[in-house]
**Q** 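Below you'll find the structure I mean.
Values reported hereafter were calculated over all heavy atoms of this structure, with side chains retained and with hydrogens, waters and symmetry mates removed.
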Amino acid sequence: MSRRRIGFWYRLAAVICKPPLLVLFKRDWRGMEHIPADGGFITAVNHNSYLDPLSYAHYQYNTGRVPRFLAKAGLFKSGFVGLMMRGTGQIPVYRETTDAATAFRAAVSAIHKGECVAFYPEGTLTRDPELWPMQGKTGAARVALLTKAPVIPVAQWGANDAMPPYAKENKLQLLPRKTLKVQAGPPVDLSAYYDQEPTAEVLRAVTDRIMAAITEQLAELRGEPAPAEPYDWRKAIAQERRAAREAAKTGRTAVTDRAAEPAAATEGAAAPQQARSTQQAQEDEGK
């Protein structure tokens, strides 16, 4: 299938967004040769800044294969945002459905029509303290197995320097001028899983392979080794909660011990007083 026509609405979005990106940022783009020229495919992208969708979209737009992002279905309903979302062909995710295949039916349909569908497998900004990709969710893996479409790992770095994730102060830092780095790698080989039942274990294995490929690309961009294991946000939260409970328990024990100290001191002070009273009574009897 030939490249899809970009269309009026995507070109309008480019007219609005590209000039400030060109002025405010430098670019280091690599691996565009891995973006398929034809047919439907999936890109799996890491997420470390609220600005990085613009960085990635700019990169992808310049390949001639515009991405279709997954977004909450409610964003498509009304207003200018809804108009742009519908016009640019973004993919609504129906969160109210319980079946994951149904929830991603629009993404599956778009891929079958030859579109590029972009996934952020982490589902949110990474919580890894060093901003490496954390453990991914299984949506991209499920769609990949349903469509058997190529999965292109994409890593990005630099938008986080301009807008650090979860920053409470200095949220936007444009100077000195930052470099937006984006790198696409070769398709992730998932052929061993195509004939398997998409069980939870299979979906987790596919997701882990996709996240490992993204992390490998990011390690090249950053020029440093990646962690041996991806950051597990849920596990970290569970550990923090256990630590908080232990700290609270230790605090209660300390309070109890401190409360017992005055009583012990009182008893200790009463013993000599009692001895002196007994001695005084004996002396009175001798008189």
Side-chain angles (χ1 to χ4, degrees), residues 1-47 49-95 102-121 139-140 143-144 146-147 149-154 156 158-159 162-163 172 174 178 180-184 187:
M1 182 177 291
S2 61
R3 291 172 182 254
R4 183 188 189 277
R5 188 172 66 87
I6 291 177
F8 169 78
W9 289 104
Y10 232 120
R11 292 190 185 279
L12 176 60
V15 166
I16 295 171
C17 296
K18 283 183 68 174
L21 290 173
L22 291 171
V23 171
L24 296 174
F25 299 99
K26 295 179 285 186
R27 286 159 302 288
D28 180 359
W29 290 349
R30 313 174 191 178
M32 284 187 173
E33 67 275 11
H34 295 301
I35 302 298
D38 301 291
F41 65 100
I42 295 167
T43 54
V45 193
N46 69 308
H47 195 14
S49 171
Y50 288 117
L51 282 180
D52 61 37
L54 290 175
S55 175
Y56 161 68
H58 189 188
Y59 170 92
Q60 187 78 23
Y61 181 90
N62 279 29
T63 70
R65 300 301 307 274
V66 293
R68 311 294 161 179
F69 291 95
L70 277 79
K72 294 185 296 184
L75 295 175
F76 293 74
K77 293 182 179 179
S78 61
F80 180 75
V81 172
L83 181 63
M84 290 296 292
M85 297 292 283
R86 295 190 300 272
T88 54
Q90 306 312 314
I91 307 297
V93 176
Y94 300 91
R95 296 181 183 272
T102 301
F104 292 113
R105 63 180 180 272
V108 171
S109 175
I111 291 170
H112 286 156
K113 292 177 181 177
E115 302 281 2
C116 164
V117 176
F119 280 86
Y120 285 100
V143 173
L146 284 170
T147 61
V151 178
I152 309 299
V154 179
Q156 50 186 348
M163 182 175 283
L172 189 60
L174 296 177
K178 308 299 189 294
L180 302 179
K181 299 180 180 181
V182 184
Q183 176 171 313

**Q** Evaluate His58 against Leu22 for side chain to side chain contact (heavy atoms under 4.5 Å, CB included), listing each step before the verdict.
**A** CA-CA 10 Å; His58 189 188; Leu22 291 171; 3.8 Å; yes
**Q** Please determine if Lys26 and Asp28 form a salt bridge, counting it only when a charged side-chain N lies under 4.0 Å from a carboxylate O.
**A** no
**Q** Look at the rings of Phe69 and Tyr120 and say which category their plane angle falls in: under 30° parallel, 30 to 60° tilted, over 60° perpendicular.
**A** parallel
**Q** Of the non-hydrogen atoms in Gly40 and Ala149, which two are nearest, and what is the gap between them?
**A** O-CB, 3.8 Å
**Q** Yes or no on side chain to side chain contact (heavy atoms under 4.5 Å, CB included) for Leu51 and Gln156, after CA distance, side-chain angles and deciding distance?
**A** CA-CA 11 Å; Leu51 282 180; Gln156 50 186 348; over 6 Å; no
**Q** Using every non-hydrogen atom in the two residues, find where Leu21 and Leu54 come nearest and quote the distance to one decimal.
**A** CD1-O, 4.0 Å
**Q** Set out, in order, the CA-CA distance, both residues' side-chain angles and the distance that settles side chain to side chain contact (heavy atoms under 4.5 Å, CB included) for Asn62 and Met32, then state yes or no.
**A** CA-CA 9 Å; Asn62 279 29; Met32 284 187 173; 4.2 Å; yes
**Q** With rounding to the nearest 0.5 angstrom, report the CD to CZ distance, Glu115 to Phe41.
**A** 9.5 Å
**Q** Do Pro53 and His47 come within less than 4.5 Å of each other through their side chains, counting heavy atoms only?
**A** yes
**Q** Please check: side-chain N/O of Ser49 versus main-chain N/O of Met163, any donor-acceptor pairing under 3.5 Å?
**A** yes
**Q** CE/Met84 to CG/Leu75 distance, rounded to the nearest 0.5 angstrom?
**A** 13.5 Å
**Q** What is the distance from atom CZ of Phe104 to atom OG1 of Thr147, rounded to the nearest 0.5 Å?
**A** 12.0 Å
**Q** Is there a donor-acceptor contact under 3.5 Å from the side chain of Arg27 to the main chain of Phe25?
**A** yes
**Q** Would you call Tyr61 and Arg11 a side-chain contact if the rule is heavy atoms closer than 4.5 Å?
**A** yes
**Q** Taking the side chain as every heavy atom from C-beta outward, state whether Tyr59 and Leu180 have any pair of such atoms under 4.5 Å apart.
**A** no
**Q** May I have the step-by-step check of side chain to side chain contact (heavy atoms under 4.5 Å, CB included) for Gln90 and Phe76, ending in yes or no?
**A** CA-CA 9 Å; Gln90 306 312 314; Phe76 293 74; 3.8 Å; yes
**Q** Looking only at heavy atoms, which two atoms of Ile152 and Ala184 are closest? And how far apart?
**A** CG2-CB, 4.1 Å
**Q** Work out which heavy atom in Ile91 is nearest to a heavy atom in Ala107; give both atom names and the distance.
**A** CG2-N, 3.5 Å
**Q** If the test is side chain to side chain contact (heavy atoms under 4.5 Å, CB included), which one of Thr43, Val143, Val45 qualifies with Phe119?
**A** Val143
**Q** Check Ala140 against Ile42 and note the closest heavy-atom contact, atom names and distance.
**A** O-CD1, 4.3 Å
**Q** Can you measure from CG (Leu146) to CZ (Arg105) and round to the nearest 0.5 angstrom?
**A** 13.5 Å
**Q** Using a 3.5 Å distance criterion without hydrogens, assess whether the side chain of Tyr10 forms a donor-acceptor pair with backbone atoms of Pro67.
**A** yes
**Q** If you look at every heavy atom in Arg65 and Gly114, which pair is closest and at what distance?
**A** NH2-O, 2.7 Å
